Peer 1: 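Provided herewith is a single structure, encoded as structure tokens, for subsequent inquiry.
Please read these numbers as outputs of a predicted model, since none were measured by experiment.
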Amino acid sequence: MEVSFYHLLTQDVSIALPRLLAKAYAAAKRVLVFSRDENQMREVDEWLWTYDKASFLPHGTDRNKFLESQPILISCSVDPVNQADILVILDGYMPADISGFSRCLYMFDGRDEPVVEQAREHWKQFTTSDHQLVYWKQDARGGWQKAHERGSGGQ
């Protein structure tokens, strides 16, 4: 599995996350956004409704019906009931098991030092796994630049 760390430096997650989800949706990927609690789940839901008034990003929360048909599901559970290919982790709130996904996006706020330290610890933990690690750093315009890649198997 590829675990991509997204280091937010110039935009809030409320802006960066919908843009990444729009790209995943355009590529016909199914996504599970893992929320730490109900408040964050509602917050992410609101971001996806309001991020671009000219478009619609189909999504739902685990409080909606027909979870399995949601291309983007926001949930407090890591169970990919929507057959998600991609898992999104926010704020370093790491679920116990991330297997079952082909890719994990770990987004963290680079302007919050405790969050950055936690991301560094998670990166170190992943280096002992069989996951391929990729580190993306946000540029001044909010785009992403690949800054580091580490092969699978702790290489």
Peer 1: In Å and rounded to the nearest 0.5 Å, what is the CG to OG1 distance from Leu57 to Thr50?
Peer 2: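 So the CG of Leu57 and the OG1 of Thr50 are separated by 11.0 Å.
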
Peer 1: Can you give me the closest heavy-atom contact between Val44 and Leu17, atom names plus distance?
Peer 2: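 Val44 and Leu17 have their closest heavy atoms at CG1-CD2, 3.9 Å.
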
Peer 1: Which heavy atom of Ile89 sits nearest a heavy atom of Ile98, and at what distance?
Peer 2: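 Closest approach of Ile89 to Ile98: CD1-CG2, 4.4 Å.
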
Peer 1: For the rings on Tyr93 and Phe34, is their centre-to-centre separation under 6.0 Å?
Peer 2: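 Yes: the rings meet the under 6.0 Å criterion.
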
Peer 1: Check the pair Val3 / Val134 against side chain to side chain contact (heavy atoms under 4.5 Å, CB included), numbers first and verdict last.
Peer 2: CA-CA 6 Å; Val3 180; Val134 181; over 6 Å; no

Peer 1: Please check if the distance between the ring centroids of Phe5 and Trp136 is under 6.0 Å.
Peer 2: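 No.
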
Peer 1: Which atom pair, heavy atoms only, marks the closest approach of Asp62 to Cys76?
Peer 2: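 Smallest interatomic distance, heavy atoms only, reads OD2-N, 3.2 Å.
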
Peer 1: Show, in sequence, the C-alpha distance, side-chain angles and deciding distance for Gln125 and His122, and conclude whether the side chain to side chain contact (heavy atoms under 4.5 Å, CB included) test is met.
Peer 2: CA-CA 5 Å; Gln125 291 170 7; His122 286 140; 3.5 Å; yes

Peer 1: Phe56 and Trp49: aromatic ring centres closer than 6.0 Å?
Peer 2: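 Centroid distance Phe56-Trp49: below 6.0 Å, so yes.
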
Peer 1: Transitively linked via ILVMFWY side-chain contacts under 4.5 Å: Met94 with Phe101?
Peer 2: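 Hydrophobic grouping puts Met94 with Phe101.
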
Peer 1: Got a sec, which residues hit salt bridge (charged side-chain N to carboxylate O under 4.0 Å, His left out) with Glu38, two or more places apart in sequence or on another chain?
Peer 2: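 Here the qualifying residues are Arg42, Arg63.
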
Peer 1: How about Tyr25: does its OH atom have over 12 heavy atoms from other parts shown lying under 6.0 Å from it?
Peer 2: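 Not buried by this count: 12 neighbours or fewer within 6.0 Å.
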
Peer 1: Treating Arg30 as the side-chain partner and Asp85 as the backbone partner, does any N or O pair qualify as donor plus acceptor under 3.5 Å?
Peer 2: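 Side chain of Arg30 to backbone of Asp85: no pair is present.
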
